[in-house]
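Because only heavy atoms are used, hydrogens play no part in the values below, and waters and symmetry mates are left out as well, while side chains stay in. None of the values given here were measured: they were computed from a predicted structure.
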Amino acid sequence: MVFAAPGEALTRAEELLGADPSPLHASVAHQVIGIWQRDFGDTRRALAHLRRARDLAARADSAEREADVLATLGVALVHSGRTRAGLAAFERGVARGSGHTRARVLFRRAYVWWVLGRHGEALEDVRRAIPVLRQADDVIWTARALTLRATVHLAQGSVERANADFTAAEALWDTTGQEHDKADAVESRGLAAFRAGDVPAALRLLDEAEERYAKLGTPTFMLTIRRCEVLMAAGLAPEALAEADGAVAALDGIGGQSTRKAELLLVAARAARLAGDPQTSLARAAVAVRLFAGQRRTWYETHARLVLLEARAATGRGSGRLVADAAAVAERLAAFGAPAAPEASLLAGRIALDLGWTADAERHLAVAARSRHGGPPLARMTGWAAQALRARAAGSARGVLEACRRGLDVLDDHRMTLGASELRARATAQGAELAALAQRASLVSGGPRRLLGWSERWRATVLSAPPARPPADPVLLTAMTAFRELAARAEEARSEGGRPAPALEREQRRLEREVRSRTLHMRGEAPHDGDRFDVGRLLHRLGEEVRLVELAVLDGRVHVLLCGQGRVRRFEAGMLAEAEAEAEHVQAGLRRLAHPGAEARLPLVEAAGARLQHLLLGPAAAHLGSGPVVVVPPGRLHRVPWALLPALRERVLSVSPSASSWLRAKDTAPPPGGRQVLVRGPGLASGGAEIPELAERYGATRTPEDADRPVPRARAAGLPGGSAGRGGPTVLEGDEARVPRVLRELDGAALAHIAAHGTFRADSPLFSSLRMADGPLIVHDFERLDRSPYRIILPCCDTARFASVGADELLGLVTALLPLGTAGVVACTAPVNDAAVVPLMLALHKGLDAGLSLAEALRDARASLPGDAVHQATGWAFTAFGAA
């Protein structure tokens, strides 16, 4: 009962002890309390109760009862870090028990062998236990034994054997009322899905297991460990670190299992390393190594040593001793049959290469490279990275490029199994080393065209295919509606000068987690090959007049790839770190210029723009010609106001996440009908003053008495450029500007202008939003559209801000729209003066009505503004994205 209904079992056991039971029955009660404390509470109390249960069993003169208690005590001792005493208890338990009881003891010893990482002994004990348990028709313990054997198979990389055992165990669990064990089975299937490379299924199953455990009121430390592993594989290392650290604190708070603490520290160390925090990784890994060594858990200790060595290497501590230590860890991991062995060999080889020890490097890298032909995707990528380093050491640029291509192909296939755009973006970080190796090889031997091809190979890849559509999941839709309602109530409280109630904020965060969690469960479609980038096709589409400037970063320096007039030229510019710092200064200057009275700062901002041009374009600025320019920056430069650069200030200028993205936008046809949608959200300082004038421009008539009422909706019939033959626009304002209605009208529109407060969420970019009458319109909402509007104008602050994630990916509102059918966006990269936005927007639409593109119309609109600092800064803050 302690696993089927743990709280009830604990209560019943305590009641039994209060009724003066016999030694035999008292032994059972103390054992139940000991199990509860061992798994869900304080291990010190668990040991006291279990020792009492053992003594009472001896007084009752029941060898079978004593053997059973000794097995439970052995598990508790091992979990508390007293491995030798735990194994001794098992020896006595095996000797005291017989038949069915001995099989249960062997099963629990097999579990302890698994905890200790001694997989051979675990499989031997469970092999001896299962036939006896089956013969006794002990369904519950047979299912537990099958689940354990499957888990051991997974630790050894035998996914097919594990799945067979999990399936058999689940069929048995369906015949029982063991809710805790059923939850554990779901958790185990999540682990199996993860080992098979199915991250969305793993997240879904682990979330389901967590819900089941929550109903039982039981802690979930093992689940946390497994969830953190999946989060790391999905590129969510900072989240994994936060979860692991939180679980360690919770475990310490209840005096929980020392073994679980060590495992959580190991997970935290790995997460910190992947999150780019080697010092935290060093600290966590060092404690984990110490704990595992004291617990005599060599398998785990060796894995913790690998993370410790990786963290030391990340802090720049390469040495001959580090090579030897990594090689020794690789040998021990290989002896265990651990899938992590190639990672250790790759580490040894990489450090040896940095030291110039080519023979040693070749030996270690050759071992690591063997994993490229089999196993899960990330293991194969490790192998291809090792192969690329071998080729580089041998001076074979061709070999480097082939290995990088094969490795990135593996990662492409893996990413496309992920349905959520966030997971796809973050997963690209795992290919960053391969992409960098290929770019360096291209720079040395291939010329500008090859460097452009490899720059595109790993730039904004998430935009190469639309994310999977969110499922028609009623729970997800309900959560999104509830989230929107709570967010609106919280915003109302803030606007009234107060603060939302803490309970309201907590519930809003809970709903946000639920929406995100269910979105991450989405599976991707079949592997998407897409159109491979073709430099020749790009140059043909650019023609003689247009120049495309792609900025590639190699070893911290910006390389300018200038494309146009049938050729690609390369120029060296400044250092990326200096450009990032200068861009932040410019952003600060634009923020000040958004307010009247800061005119004196205008020359300073213009001078900063000139410095940015030197750092980002270098000598290429003199070769841009006189025609339109498309800038393709790396993700870390997404906040640059490109129109501020002197060489770009008077030009038709657009920005694109990649050259491939620009080509797709160029080839995107506008939807039939030319329908226009104008949306005005609540609470704007300007009142969205451009909306009434635009409504009249596009054909909706308003009388003075209509001023405070929504414009009647009418369907347009023309095309995006020019107004001839076109009907009136759809205008949504006031109570009509509600998210469901707005989404219906936006779907398939030719032009959308959304005047609404924008909020960028750096912590969770896909919850960046536009404020509607009923709450926030978030990025997840846009992903539900069949086709987002062909052109979108977003005139409010923060609509063009992004989070740079993965290798070179951007998450935000604009990048969510581009794969969904939007060919052009005008949005704002900095806070702006609301009043100054109105004339800019009116002038922009005047150009569109005359048949200009977004970039052309924005250039002319800037030129039409007054020359004061506020209006100039407002014009520079807006950017045209795409090619419409």
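- With Glu239 contributing its side chain and Leu236 its backbone, the two residues share no donor-acceptor pair below 3.5 Å.
- Side-chain contact of His845 with Glu690: a donor-acceptor pair under 3.5 Å is absent, judged by distance alone.
- Checked by atom type and distance alone, the side chain of Arg862 pairs as donor or acceptor with a backbone atom of Gly875 at under 3.5 Å.
- In this structure, Arg537 contributes its side chain and Phe533 its backbone to no donor-acceptor pair below 3.5 Å.
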- From CA spacing to verdict: side chain to side chain contact (heavy atoms under 4.5 Å, CB included), Leu548, Leu561: CA-CA 8 Å; Leu548 184 140; Leu561 298 171; over 6 Å; no
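- Counted by atom type alone, Gln565 and Arg547 present one or more donor-acceptor pairs between their side chains at under 3.5 Å.
- Between Ser442 and Gln439, the side chains place no donor N or O within less than 3.5 Å of an acceptor N or O (distance only, hydrogens not considered).
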- Message: side chain to side chain contact (heavy atoms under 4.5 Å, CB included), that's the test. Do Leu434 and Met381 meet it? Break it down for me.
- Response: CA-CA 9 Å; Leu434 288 169; Met381 283 186 59; 4.0 Å; yes
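- The main-chain N or O of Ala659 is never found under 3.5 Å from a side-chain atom of Ser656 such that the two would form a donor-acceptor pair.
- Salt-bridge annotation for Arg398 and Glu402: absent, with no side-chain N of the basic residue lying under 4.0 Å from a carboxylate O of the acidic one.
- A donor-acceptor pair under 3.5 Å links the side-chain atoms of Thr668 to the main chain of Arg664, judged by distance alone.
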Side-chain atoms of residues 618-629: list all donor-acceptor pairs with protein atoms under 3.5 Å, sequence neighbours left out, distances to 0.1 Å.
none

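- Using a 4.0 Å cut-off between a side-chain N of Lys or Arg and a carboxylate O of Asp or Glu, Arg405 and Asp409 qualify as a salt bridge.
- Considering CG of Leu437 and CD of Gln387, their distance stands at 12.0 Å, rounded to 0.5 Å.
- Looking at Lys846 and Asp860, no side-chain N of the basic residue comes within less than 4.0 Å of a carboxylate O on the acidic one, giving no salt bridge.
- Of all non-hydrogen atoms in Leu653 and Ala643, the two that sit nearest each other are CD2-N, 3.7 Å.
- Thr829 and Thr879 are not linked by any side-chain donor-acceptor pair at a separation below 3.5 angstrom, with hydrogens and angles left out of the test.
- A salt bridge links Glu606 with Arg649: the distance from a Lys NZ or Arg NE/NH1/NH2 to an Asp or Glu carboxylate oxygen falls below 4.0 Å.
- Between Leu842 and Leu694 the shortest side-chain heavy-atom distance falls below 4.5 Å.
- Contact check for Leu840 versus Ser864: no side-chain heavy atoms found under the 4.5 Å cut-off.
- Residues Glu582 and Leu615 form a side-chain contact, since some pair of their non-hydrogen atoms from C-beta on lies under 4.5 Å apart.
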- Message: Pair His753, Val679 - check side chain to side chain contact (heavy atoms under 4.5 Å, CB included), show working.
- Response: CA-CA 6 Å; His753 180 112; Val679 181; over 6 Å; no
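- Rounding to the nearest 0.5 Å places OG1 of Thr874 at 9.0 Å from CG of Asp834.
- Residues Ala880 and Ala855 come closest through the heavy atom pair CB-CA, 3.9 Å.
- Using a 4.5 Å cut-off on side-chain heavy atoms (C-beta onward), Leu612 and Trp642 make no contact.
- Minimum interatomic distance between Leu353 and Ala393 (heavy atoms only, all atoms of both residues): CD2-CB, 3.6 Å.
- The shortest side-chain heavy-atom distance between Glu550 and Glu456 falls under the 4.5 Å cut-off.
- With a 4.5 Å cut-off on side-chain heavy atoms, Arg570 and Leu562 do not count as touching.
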- Item | Worked verdict on Leu593 versus Val605 for side chain to side chain contact (heavy atoms under 4.5 Å, CB included) | CA-CA 9 Å; Leu593 290 175; Val605 172; 3.7 Å; yes
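- Between Glu650 and Arg859 there is no salt bridge, since none of the side-chain N atoms of the basic residue sits less than 4.0 Å from a carboxylate O of the acidic one.
- Side-chain atoms of Val568 and Leu539, non-hydrogen and from C-beta on, do get closer than 4.5 Å to each other.
- Arg791 places none of its side-chain heavy atoms less than 4.5 Å from the side chain of Thr822.
- In terms of heavy atoms, Trp662 sits closest to Ser654 at NE1-OG, 4.5 Å.
- Under the side chain to side chain contact (heavy atoms under 4.5 Å, CB included) rule, Leu751 has a single partner from Ile793, Leu678, Val677, which is Ile793.
- The pair Asp534-Arg541 does not meet the salt-bridge criterion, since no charged nitrogen lies less than 4.0 angstrom from a carboxylate oxygen.
- Atom CE of Met575 sits about 8.5 Å away from atom CG of Asp555, to the nearest 0.5 Å.
- The two residues Ala275 and Ala237 have their closest heavy-atom pair at N-CB, 3.8 Å.
- Scanning both residues, Leu645 and Gly609, for their nearest heavy atoms gives CG-O, 3.9 Å.
- Between Leu538 atom CG and Lys666 atom NZ the span is 11.5 Å, to the nearest 0.5 Å.
- Salt bridge present: Glu433 and Arg350 bring a charged side-chain N and a carboxylate O closer than 4.0 Å.
- If you take CG on Leu590 and CZ on Arg601, they are separated by 10.5 Å, rounding to the nearest 0.5 Å.
- Cys828 contributes atom SG, which lies 10.0 Å from atom CG of Leu794 (distance to the nearest 0.5 angstrom).
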